[in-house]
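One is the number of the first residue; the rest follow in order along the sequence.
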Amino acid sequence: MAKTVLVVEDNELNLKLFCDLLRAHGFAVEPVRDGREAVERAREVTPELIVMDIQMPHVTGYELILELKQDEALRHIPIMAVTAYAGREDEEQIRAAGANAYVSKPITLARFMAAVSELV
């Protein structure tokens, strides 16, 4: 049975890229375009990994990571932050919120999949 990855990304091109790449590597994918739906969707599908964009409208990935890590049923799920923020302080803040991995955009396919493999 394929492992499920919840992909939270508001940019359609990035969402398609991440989902296609994960599917090509045998993962089942649950795309979420609006961060406001991410926690509820995570509860519904209980993924093995969450790939989280950080800079989104309405709610940031940072806020979602904090919310996910405070939820008893979801806190065990590893989170991979994918972001255009590339500063060291940004990475430290995102990891302190609970992200298990941090990949900066633009991504390289090899780096993205290596980070996924480390988490699932």
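The salt bridge (Lys or Arg N to Asp or Glu O under 4.0 Å) pairs that include a residue from residues 50-61 are D53-K105, where partners are two or more places apart or lie in different chains. Residues in residues 73-83 take part in these salt bridge (Lys or Arg N to Asp or Glu O under 4.0 Å) pairs, two or more places apart or across chains: E72-R75.
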| request: Show your working on side chain to side chain contact (heavy atoms under 4.5 Å, CB included) between V7 and L15 and close with a plain yes or no. | output: CA-CA 7 Å; V7 180; L15 182 66; 3.7 Å; yes
Would F18 and I107 satisfy side chain to side chain contact (heavy atoms under 4.5 Å, CB included), going step by step from the backbone distance to the final call?
CA-CA 10 Å; F18 299 159; I107 67 159; 3.5 Å; yes
TODO: For side chain to side chain contact (heavy atoms under 4.5 Å, CB included), just list the numbers for I54 and I65, CA-CA rounded to whole Å, side-chain angles, deciding distance to a tenth of an Å, and then say yes or no.
DONE: CA-CA 9 Å; I54 297 301; I65 293 168; 3.9 Å; yes
| query | Can you check side chain to side chain contact (heavy atoms under 4.5 Å, CB included) on V51 and E9, steps first, answer last? | reply | CA-CA 8 Å; V51 174; E9 170 65 68; over 6 Å; no
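The two residues A42 and L68 come nearest to each other via the heavy atoms CB-CD2, 4.2 Å.
The side chain to side chain contact (heavy atoms under 4.5 Å, CB included) test applied to E63 returns V59, T60, not counting sequence neighbours. Taking N100 as the reference, K69, P78, I79, L119 meet the side chain to side chain contact (heavy atoms under 4.5 Å, CB included) condition, with sequence neighbours excluded. Judged as a side chain to side chain contact (heavy atoms under 4.5 Å, CB included), and not counting sequence neighbours, the contacts of E67 are V39, L64.
Looking at heavy atoms from C-beta onward, M113 lies in side-chain contact with V116 at the 4.5 angstrom threshold. By the 4.5 Å heavy-atom criterion applied to side chains, L17 and L109 are counted as neighbours. Side-chain atoms of T83 and D90, non-hydrogen and from C-beta on, never get closer than 4.5 Å to each other.
Atom-to-atom distance recorded for E48:CD and L6:CG is 11.0 Å, nearest 0.5 angstrom. Distance OH/Y102 to CE/M80: 12.5 Å, rounded to 0.5 Å. The CE atom of M56 lies 14.0 Å from the OH atom of Y62; values are rounded to the nearest 0.5 Å.
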For residues 21-35, dump all side-chain donor-acceptor pairs below 3.5 Å to protein atoms at least two apart in sequence or in another chain.
| residue | atom | partner | partner atom | Å |
| --- | --- | --- | --- | --- |
| H25 | ND1 | L21 | O | 2.9 |
| E30 | OE1 | R41 | NE | 3.4 |
| E30 | OE1 | R41 | NH2 | 2.4 |
| R33 | NE | E12 | OE1 | 3.4 |
| R33 | NE | E12 | OE2 | 2.7 |
| D34 | OD1 | R36 | N | 2.9 |
| D34 | OD1 | R36 | NE | 3.0 |
| D34 | OD2 | R36 | NE | 3.1 |
| D34 | OD2 | R36 | NH2 | 2.6 |

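By the rule that hydrophobic residues join a cluster once side-chain heavy atoms approach within less than 4.5 Å of another member, L66 and L74 end up as members of separate clusters.
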